[in-house]
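These notes are about the structure you will find just below.
Bear in mind the structure is a predicted one, so any value in this text is a computation, not a measurement.
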Amino acid sequence: MKQNLDYKLIFSLAAVGIIWGTTFLGIRVAVETIPPWFVTSIRQGLAGLIMMTILLFKKELKWIGWENFKQQLIASVLMLVIANGFTTIAEQNIPSGLASVINALTPILIFLGSILFRLQKMSLKGFVGVIIGFSGVVFIFKDGLGSFLDANYRTGMMFMGFAILAWAAGTIYTKTHANKSKNITLNLFYQFIIASCIQLVLASIFSPNPDFNSWSSKSVFAALYLSVFGSVIAFFCYNYALKHVTAVQVSILSYVNTIIAVFLGWLLLDEIITVDFIIATVLIILGVFIVNYKKKEKKAL
């Protein structure tokens, strides 16, 4: 029997890979003039309002119960407050390209975590696919790997380290707990509102006297882009994908994000696409293919 393609899943995976590839650049532009916790609070707050509008229109806005609220709180703190917030802070100190390289370690952490929590069995194929994909990412930035030793980058790299650990933990937690609830929009509404409130408090602590006049229109536009595309659309697609495929298969899109980040550098900043980039792209696509490839089972006669 021929299996129908899940076009919603294909669209979701493509959206996550492409949109989150652009957010590293978006964050870098936003934090040029807006304090990072304000960027994240605006991003999640506006995303929450958009979700609330959708829920009100569909007449689905309701209390989810304390048990589900606790699950959304944990997912929100791990993925939005810590992972998203710390990535935004890190990009004040490190280039967006370097941030995307560090972020590309996430699939390895999720692969190991999924085995630890028995979400999937240890497989040589999965391990090889993840390592080949990551080697492609390193290949792109091999000339800039000296940045890892730069003392000025240490703070940013420390924040990125916490960010990817929190993201991996949040993805595994969502796969095992929070995705049992059917209504993704309702769950995300609570996650965005929780995160925005926490980040607004952090913004008032770390940037008590913001100079709103110094916020450039470019940075404000970047924050709005991060909210609508980076949060609402991409997070919805990410949660949808987590319901249908393994955490590792979704996380491998971090590699695609890096290709997008480099492509945008070429498109917007006149950076040259080299032979190294083409080799790296092949390695990344090969890694994604190995992780996702399944042999067709022969039917018993």
Side-chain angles (χ1 to χ4, degrees), residues 14-40 42-44 47 79-80 82-107 109 133-134 136-145 147-148 150 152-153 155-168 170-171 218-235 237-238 250-271 273 277 280-281 284:
V16 170
I18 294 166
I19 293 170
W20 277 344
T22 67
T23 54
F24 287 99
L25 182 65
I27 290 169
R28 185 71 176 167
V29 172
V31 297
E32 280 177 3
T33 60
I34 305 174
W37 286 120
F38 275 107
V39 171
T40 57
I42 292 166
R43 176 179 176 176
Q44 316 312 347
M79 301 182 83
L80 296 174
I82 300 175
N84 189 258
F86 282 14
T87 299
T88 306
I89 291 170
E91 287 205 43
Q92 284 190 309
N93 299 300
I94 61 174
S96 57
L98 182 58
S100 73
V101 171
I102 300 170
N103 185 65
L105 285 165
T106 309
L109 295 176
F134 180 69
V137 173
V138 173
F139 208 87
I140 291 175
F141 291 100
K142 70 182 194 311
D143 295 331
L145 289 178
S147 300
F148 282 98
D150 192 320
N152 294 325
Y153 289 162
T155 304
M157 286 164 53
M158 181 184 73
F159 276 112
M160 278 304 301
F162 285 124
I164 61 172
L165 282 169
W167 186 265
T171 297
K218 194 167 72 167
S219 290
V220 171
F221 179 78
L224 295 176
Y225 173 82
L226 290 169
S227 179
V228 177
F229 289 89
S231 288
V232 175
I233 297 172
F235 266 94
C237 292
Y238 191 77
V250 179
S251 72
I252 206 87
L253 291 166
S254 298
Y255 300 153
V256 180
N257 295 347
T258 306
I259 296 177
I260 301 296
V262 173
F263 173 75
L264 285 173
W266 167 77
L267 187 68
L268 301 175
L269 305 174
D270 297 324
E271 293 175 358
I273 290 183
F277 175 72
T281 303
I284 289 165

Shortest non-hydrogen contact between Ala30 and Leu226, atoms and distance: CB-CD1, 4.3 Å
Contact list for residues 15-34, test salt bridge (charged side-chain N to carboxylate O under 4.0 Å, His left out), sequence neighbours left out: Glu32-Lys218
Pairwise side-chain contact, Tyr225 with Thr22, heavy-atom cut-off 4.5 Å (strictly under): yes
With Thr87 via side chain to side chain contact (heavy atoms under 4.5 Å, CB included) - residues at least two apart: Phe24, Ile27, Glu91, Met160, Ala163
Closest heavy-atom pair and its distance - Ser227, Ala47: OG-N, 3.2 Å
Side chain to side chain contact (heavy atoms under 4.5 Å, CB included) partners for Ile233, two or more places apart: Ile19, Phe229, Cys237
Which atom of Gly156 lies closest to which atom of Ala90, heavy atoms considered: O-CB, 3.2 Å
side-chain contact (heavy atoms from CB on, under 4.5 Å) between Tyr238 and Thr171, intermediate numbers included: CA-CA 9 Å; Tyr238 191 77; Thr171 297; 2.8 Å; yes
Residues that Phe86 engages under ring pair (Phe, Tyr, Trp, His ring centres under 6.0 Å), provided they are two or more places apart: Phe159
Ala234 versus Val16, closest heavy-atom pair with distance: O-CG2, 3.7 Å
Derivation of the side-chain contact (heavy atoms from CB on, under 4.5 Å) call for Ile82 and Trp167: CA-CA 8 Å; Ile82 300 175; Trp167 186 265; over 6 Å; no
Asn84 versus Leu80, closest heavy-atom pair with distance: CB-O, 3.0 Å
Partners passing side chain to side chain donor-acceptor pair (under 3.5 Å) against Thr88 (at least two apart in sequence or in another chain): none
Listed partners of Thr33 passing side chain to side chain donor-acceptor pair (under 3.5 Å), at least two apart: Ser216, Ser219
Heavy-atom closest contact (Ser231 atom, Arg43 atom, distance): OG-NE, 2.8 Å
